[in-house]
Protein chains: 2
Amino acid sequence: MRLVFVSQNGSSNEVEQDLEDILQRGGELYHPGFSIDCAIFGFHANQLKVLLLKVKNTGRWALPGGFMLKNEDVETAAARLLKARTGLEHVFLRQFYLFGDLARNDEAFNRQRLRKENIQASAEHWFLQRFLTLGYYALVDFAQAVPRPDYISEDCAWWDLHEVPALMLDHNRILDKALETLRLQLTYQPIGYNLLPEKFTMTELQCLYETILGRKLDRRNFLRRIQSYGILRRLDERRDGVAHKPPYLYRFDLPAYEQALRQGLNGAW
Amino acid sequence: MRLVFVSQNGSSNEVEQDLEDILQRGGELYHPGFSIDCAIFGFHANQLKVLLLKVKNTGRWALPGGFMLKNEDVETAAARLLKARTGLEHVFLRQFYLFGDLARNDEAFNRQRLRKENIQASAEHWFLQRFLTLGYYALVDFAQAVPRPDYISEDCAWWDLHEVPALMLDHNRILDKALETLRLQLTYQPIGYNLLPEKFTMTELQCLYETILGRKLDRRNFLRRIQSYGILRRLDERRDGVAHKPPYLYRFDLPAYEQALRQGLNGAW
DNA sequence: TCAAAAGTGTTTCATTTACACCCATGA
DNA sequence: TCATGGGTGTAAATGAAACACTTTTGA
């Protein structure tokens, strides 16, 4: 029951965690009253997915989240949590809202969780305090992500966005806001890199946009528009093994893509 | 040297604060390691202004800010701080970013501030801990706002955006990000209500847009575009006393304006 | 040979841009 | 009467939307 810092790949440190230990020592380790929750989006079988954890002793699913170490940047903490849950690094990860109303805390709920873990906790226990939570959303390559449950969860799985159940605490609201932000972002930022595999068809990209926007787009107009951004390169390769005319594969032109990320696409003013 | 809760207008409570008291008792009163900073924008003489405080014992100007009570919503805390600095309520006020890198803290700087106030503080003093700060921006009617210094400041004044000096800590960065957010927002939200007086000329509104965007717009095209939003009503009144053809006055059609705030204007997708 | 999705252009309509003259007022 | 900014419209260019037929493949 110790806190172990495990060095992985020789590249970055990950805090391997143990529930009882965390709950006992969290007060020393973490920035107080502050947590991070991540809406991690992936795309598979032409469906937008979100990674959820099944939290022990609650029967509820939740967004993966965690706490920030006292000497850790917020960004770094979010990246660490993302890596812990998916194994991925250097992906699109952005904060979108700080949830900070009093009503989001449910001390009774958390007290019950402690009880079920057989942990004694006074009223001043750090875990029972009020928490602000910072929402992050991440766009990751479904195929490369390896979901791993954490110390508070008994399961970790991708859920289709349309089938997400009632989540723990206010996590449905957090997820909704993440989606809303993503949708808004679509109007002034390119998207798709990190969500799609390296090579993909135009239809797959269109499908991604349609899923996020929640409506159908015209195929020819979509092609024209995307091409006008100048962030794609059509390869000579085609995807075959399909029972129809084989489509071209595309890849993102990374320098152009990153420039578009920085500069935005085409504001209304 | 007591903490006094002053009831104003019989409508809302304001925490009137005293520096020494705050520094002594902040640990009991406030959510730990968390602050709020506000970029309060106003518009006057066709210039975008921002409200700054001159912080005692530092010689620096800073964004008005403060702390959140333990049993207070984040939104409420921001509104309280805004009201304390400007006397205004029910204005546009929105969070835009949580600043949370380690580098933004400057313990030596804060320690010096305590020293100059002759306050004894151990290393664990709440004021010397690491703080996350949530940035809010507000759009207020310059004419109605009454700047009031707070307990940590010796002055409180509107600054022209182009003349803002080097601010305390990372406040320049916070202000820049507020402006960037405001600019982005302009592409999908109406703006001007709260920043302009009740009645205003089209040129004043255009000037506001130009100031925020940092570039000139065509007068006729601006008129057409703004009109197309359907959020303005032209009055029969004109502004007179000017040495040229007297311009019409406009006012916002509040229901339409608020609907546009909720629904957005015209997304690119 | 059939089903299924891919590739491809044009026309129409809407939006955006550029641009210039006369007007009403106070000084 | 002059200087100043206000009010107004049109033409051209650009961008968005609607729309259908032929092609290639695996089954």
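Lettering follows sequence order; numbering is per chain, from 1.
- In this structure, CG of B:N221 is placed 15 Å from P of D:dT14, rounded to the nearest angstrom.
- In this structure, the ring-ring contact (aromatic ring centres under 6.0 Å, His included) partners of B:Y257, at least two apart in sequence or on a different chain, are B:Y193, B:F252.
- Contact annotation: A:T201 does not reach the phosphate of C:dA6 (side-chain N/O to OP1 or OP2, under 4.0 Å).
- Here the side chain of B:R224 is nearest to one of D:dG7, D:dT10, C:dA6, namely D:dT10.
- Between B:E204 and B:R239 there is a salt bridge, since at least one side-chain N of the basic residue sits less than 4.0 Å from a carboxylate O of the acidic one.
- If you take CG of A:L223 and P of D:dA17, they are 15 Å apart, rounded to a whole angstrom.
- In the set C:dT17, D:dT8, C:dG9, C:dG9 carries the atom at the smallest distance from any side-chain atom of A:R220.
- For the segment residues 240-248 of chain B, residues with any heavy atom less than 4.0 angstrom from an atom of DNA chain C are, sorted by number, B:V242, B:A243, B:H244, B:K245, B:P246.
- For A:R234 and C:dT8, the shortest distance from a side-chain N or O to OP1 or OP2 is below 4.0 Å.
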Name each donor-acceptor pair under 3.5 Å that joins a side chain in residues 41-51 of chain B to protein atoms two or more places apart or in another chain, with its distance.
none

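- In this structure B:F92 satisfies the ring-ring contact (aromatic ring centres under 6.0 Å, His included) test together with B:Y137, sequence neighbours excluded.
- Checked against ring-ring contact (aromatic ring centres under 6.0 Å, His included), A:Y97 has the following partners two or more places apart in sequence or in another chain: A:F99.
- The ring-ring contact (aromatic ring centres under 6.0 Å, His included) search around A:H244 returns none, not counting sequence neighbours.
- The 5' end of DNA chain D is approached more closely, in terms of each residue's nearest nucleotide, by B:T203 than by the other of B:T203 and A:S228.
- The CD atom of A:Q227 sits 13 Å away from the C1' atom of C:dG9 (whole-angstrom rounding).
- If you take CG of A:D218 and P of C:dT8, they are 15 Å apart, rounded to a whole angstrom.
- For B:F96 and B:Y136, the ring centers sit 6.0 Å or farther from each other.
- Here the side chain of A:R225 is nearest to one of C:dC19, C:dG7, D:dA16, namely D:dA16.
- Whole-Å rounding puts the A:R219 CZ to D:dA16 C1' distance at 18 Å.
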